[in-house]
Amino acid sequence: DTGVSQNPRHKITKRGQNVTFRCDPISEHNRLYWYRQTLGQGPEFLTYFQNEAQLEKSRLLSDRFSAERPKGSFSTLEIQRTEQGDSAMYLCASSPSGTVNEQFFGPGTRLTVL
Amino acid sequence: EDQVTQSPEALRLQEGESSSLNCSYTVSGLRGLFWYRQDPGKGPEFLFTLYSAGEEKEKERLKATLTKKESFLHITAPKPEDSATYLCAATTSGTYKYIFGTGTRLKVLA
């Protein structure tokens with residue numbers, strides 16, 4: 001399968017714990033995005049990488065959230081000191097370089113904070 | 001502030017009953033308007049990209065159109081397997097982010 005993959009698919013954690021999610025984009029795509037989606041809402045932009053450089057972050061992104069993309073391949077999203085409001089689906093998407101291109105989404109990681 | 005609004009929130013159609021979904025956008029410098037389909041528990045699946053007013057794209061029973069203020073997704077003679085949430089998104093000049101609407105939940109009854 002050459003699509004975008006995300007792990008884990010589901011994560012249940014207790015409030016205050018740290019969690020980390022991984023995204024493996026389509027191999028030739030140099031653009032990578034993280035989104036958060038809650039029930040009944042559309043995906044909400046979190047951050048954007050072009051290769052290994054993080055070029056844009058949402059102003060809504062708390063300092064408890066951090067993302068990396070070492071070597072411009074896979075990416076990780078870490079949430080520190082989780083809160084119940086962090087419960088959501090976390091989606092990763094990738095796209096090829098160019099002017100304006102469609103994004104290809106992974107299946108998402110569903111986070112539940114108890 | 002850039003905004004994308006979709007209507008209706010939910011739509012129930014009988015099989016074969018054609019209809020249209022609306023996506024209104026208020027953005028500065030539209031670079032692209034995207035339509036996605038999302039099934040429950042899955043990531044969005046790309047359908048169409050539209051770049052300029054007057055442009056139309058078609059795929060099977062779906063046709064997307066774009067004006068300077070809104071986009072429509074026309075569904076002709078839908079089937080139950082077309083049931084899903086349809087999302088539209090816009091990307092604008094000066095940012096890399098894509099702004100999504102809240103989606104239209106479509107249910108097609110056999």
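Below, each value reflects all heavy atoms present in this structure, side chains not excepted, and no hydrogens, waters or symmetry copies. Letters A, B, ... mirror the listed sequences (proteins, then strands); counts begin at 1.
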### Task
Would you check, one step at a time, whether the test side-chain contact (heavy atoms from CB on, under 4.5 Å) holds for Leu62(B) with Trp35(B)?
CA-CA 11 Å; Leu62(B) 300 176; Trp35(B) 282 97; over 6 Å; no
Is it the side chain or the backbone of [X] that comes within 4.5 Å of chain A heavy atoms, both, or neither?
X: Gln38(B); answer: side chain
X: Thr85(B); answer: neither
X: Lys42(B); answer: backbone

Where the side chain of [X] meets the backbone of [Y], is there a donor-acceptor pair that is under 3.5 Å apart?
X: Ser71(B); Y: Thr65(B); answer: yes
X: Thr104(B); Y: Pro8(B); answer: yes
X: Ser66(A); Y: Ile79(A); answer: no
X: Gln6(B); Y: Gly103(B); answer: yes

What part of [X] gets closer than 4.5 Å to chain B, counting heavy atoms only: side chain, backbone, both or neither?
X: Gln103(A); answer: both
X: Glu44(A); answer: neither
X: Phe104(A); answer: neither
X: Arg9(A); answer: side chain
X: Pro43(A); answer: both

### Query
Mind checking whether Cys23(B) and Tyr86(B) have side chains closer than 4.5 Å, heavy atoms only?
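Not in contact.
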### Task
Would you tell me whether His74(B) and Ser20(B) have side-chain atoms, one donor and one acceptor, within less than 3.5 Å of each other?
yes
### Message
Looking at chain A, which one of Phe48(B), Tyr96(B), Phe46(B) has the largest number of heavy-atom pairs inside 4.5 Å, strictly under?
### Response
Tyr96(B)
### Query
chain A: which of Gly32(B), Pro44(B), Gly101(B) shares the most heavy-atom pairs with it under 4.5 Å?
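The candidate making the most pairs under 4.5 Å is Pro44(B).
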#### Entry: Atom CD of Glu9(B): over 12 foreign heavy atoms under 6.0 Å
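Not buried by this count: 12 neighbours or fewer within 6.0 Å.
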### Query
Looking at Glu56(A), Gln37(A), Gln41(A), Arg110(A), which makes the most heavy-atom pairs under 4.5 Å with chain B?
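Sorted descending by pairs with chain B, the first entry is Glu56(A).
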